[in-house]
Amino acid sequence: MQETLGFCQETRPESCGFILFGATGDLAGRKIIPALFGLCEKNIAPKNFYILLAARTPLDRSGLESRLRASLTKAGFTPSPESFSAFQERTEYMQADYESEDFYKRLSLRLAVLDARSGVKKKRLFYLAMPPAAFEPIVGRLKSGGLLSDPEDCSCWSRLIIEKPYGASLEGAASLDAGLKTSASESQVYRIDHFTGKETVQNVLALRSANRVFEATWNNRFVDHVQITVLEELGLEGRANFFEHMGLAQDMMSHILQLAAITAMDLPATFRDTDFKAEKKRFFESVHPLDREAVVKQSVRAQYAGYRAEPGVAPASPVETFLAFKFGVDNDRWRGVPFYVRAGKKTGLKKTRIDLVYKKPDLGIFKHIDIGYPNVFTFNIQPDEDITFSLVSKHPGPKLCFTPRSMRLDYRADVKEAQSYPTDYERLLIEAMSGDQTLFLSSFEIRFMWEFLSSFTGTWKGGPQASPLYSYADGTAGPAEAADLLKKDGRAWL
Ligand code: BG6
């Protein structure tokens, strides 16, 4: 195991109860339940900790057991009988009727019993894995049922995690936010975007902060352009209903903007929540949403060829499964540097990466020779987890010839250590249990995301005449038009 240096901060989750609403839903089954298991398995869950799953579906003990097993198996776990039963012992189920006051009364009594049994002092993390329309009424009832503690009271806490979509439009998101704030304070609301919890995304900031050699060139004097790639091999995975309402842009925009911010924001003075959010906000304030003309000229939306034949998809669905676009950042650091983004489903491979492409040399012996872009700084976020820096060096031998080379820092070199570090959801759950909101989104960021997104969706409402929906073959990295977006600027996707 490699040694760590100097600054080494550990997040310590507090003993608490974890209450998952929507526990039989897709998000809970795919992400949250496996993350809870992972925390227990890796021994990073709090010492005193219980899990209460709640959903409308009636479930007895054996029904719960088969759901837990199915969810863990799908997530790739093969728990030993001991670790499964230890997890099961911490986990209870309660049938929910979110509209009835009686449910919240019963919930309150049940939590009091679980608190007492587990040695937890009224510290409760509620995860609302529900559609956004349910957030406000549920939070209102938690409040009126006495289940949301006073944020000023230091002896106990109640926190709420909510997940995208945060509303269904800019106006809807604003009213959801205002509605939530009538019952809960900002310090109690944790808006999750699981990309911020990815180990390799955090490393972007760590690397930038610790190594001045990069920070000095992280600007428009040296960088020609930035590419953000979020391609997925998977298609709908049975989520046609969700995806038909969302489309790729709505589904992925928050993730894309978070990657952009972490790459390009100025470094905060500290990694404390307020400093970090203030810098992120300054970054977003420098990104102007595209106007209608820019959306038409600088973006490409497309659908994979087999999409309309997927179960649950409308035969003439206009929903995009791929989006590429270019945007700019109007600040001294990045003015003039284009940021190119592409994201899509069914592209034949999973590839999430960020590339900083440095300018070509235009002095000395290379004044009149185009050797392309010799320096590219790449953060492979997933599935590869590494950092590479490409450069040109002399080819060994008697002649003076230049060869492209790449330096690679493998993030998973120590496999054993890698297996013990938390996954994205695991990390974010720990952060919420420890009361640290740094990696969660502010309401400003949600509003900005909707404003940015609305430029696209508003233009697309004009139909294919306003902005065509291209097609790409399943298993390919998007339509030819996405390549043209860079080609016309004399560049290419990496
Ligand atoms: C989710 C989207 O937020 O992120 C999914 O709803 C997408 O459609 C997923 O597949 C990608 O996340 P990850 O961590 O698997 O890259």
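These figures come from a predicted structure and were not determined experimentally. In listed order, ligands and their atoms are each counted from 1.
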Inset, instruction - Step through the shown structure and confirm whether more than 12 heavy atoms of other residues, nucleotides or ligands are within 6.0 Å of CZ on R272. - result: no
Legend entry - Distance filter under 4.0 Å to E232 heavy atoms, resulting ligand 1 atoms: 7 (C), 10 (O), 11 (C)
Inset, instruction - Please identify which atoms of ligand 1 are closer than 4.0 Å to at least one heavy atom of K198. - result: 13 (P), 14 (O)
Legend entry - Heavy atom of the protein closest to atom 6 (O) of ligand 1 (residue, atom name, distance): D251 OD1, 2.6 Å
Legend entry - H288 atom NE2, neighbour heavy-atom count above 12 within 6.0 Å: yes
Legend entry - Nitrogen or oxygen of H255 less than 3.5 angstrom from that of ligand 1: yes
Legend entry - Donor-acceptor contact below 3.5 Å, side chain T347 vs main chain E232: yes
Legend entry - Numbered atoms of ligand 1 (with element) below 4.0 Å of K350, judged on heavy atoms: 13 (P), 15 (O), 16 (O)
Legend entry - Qualifying residue for side-chain hydrogen bond (donor to acceptor under 3.5 Å, both in side chains) with D193, from Q258, K164, H255: H255
Inset, instruction - Using a strict cut-off of 4.0 Å, indicate which atoms of ligand 1 neighbour a heavy atom of K345. - result: 5 (C), 7 (C), 8 (O), 10 (O)
Legend entry - Residue pair F377 / I354, side-chain heavy-atom distance below 4.5 Å: no
Inset, instruction - Can you label the angle between the Y307 ring and the Y304 ring as parallel, tilted or perpendicular, going by 30° and 60°? - result: perpendicular
Legend entry - R408 with D384: basic N within carboxylate O range, under 4.0 Å: no
Inset, instruction - Provide, to 0.1 Å, the distance between atom 12 (O) of ligand 1 and the closest protein heavy atom, together with that atom's residue and name. - result: H194 NE2, 3.0 Å
Legend entry - CA sep, side-chain torsions, deciding dist, call: S434, D436, side-chain hydrogen bond (donor to acceptor under 3.5 Å, both in side chains): CA-CA 6 Å; S434 69; D436 190 337; 5.4 Å; no
Inset, instruction - Please report which non-hydrogen protein atom sits nearest to atom 16 (O) of ligand 1, along with the residue it belongs to and the distance in Å to one decimal place. - result: Q382 NE2, 2.5 Å
Legend entry - Close-contact set for ligand 1 against K164 heavy atoms, below 4.0 Å: 1 (C), 2 (C), 3 (O), 6 (O)
Inset, instruction - Give a yes/no on ligand 1: does F195 have at least one heavy atom closer than 4.0 angstrom to it? - result: yes
Inset, instruction - Among all protein heavy atoms, pick out the one at the shortest distance from atom 5 (C) of ligand 1; state its residue, atom name and that distance to 0.1 Å. - result: R239 NH2, 3.0 Å
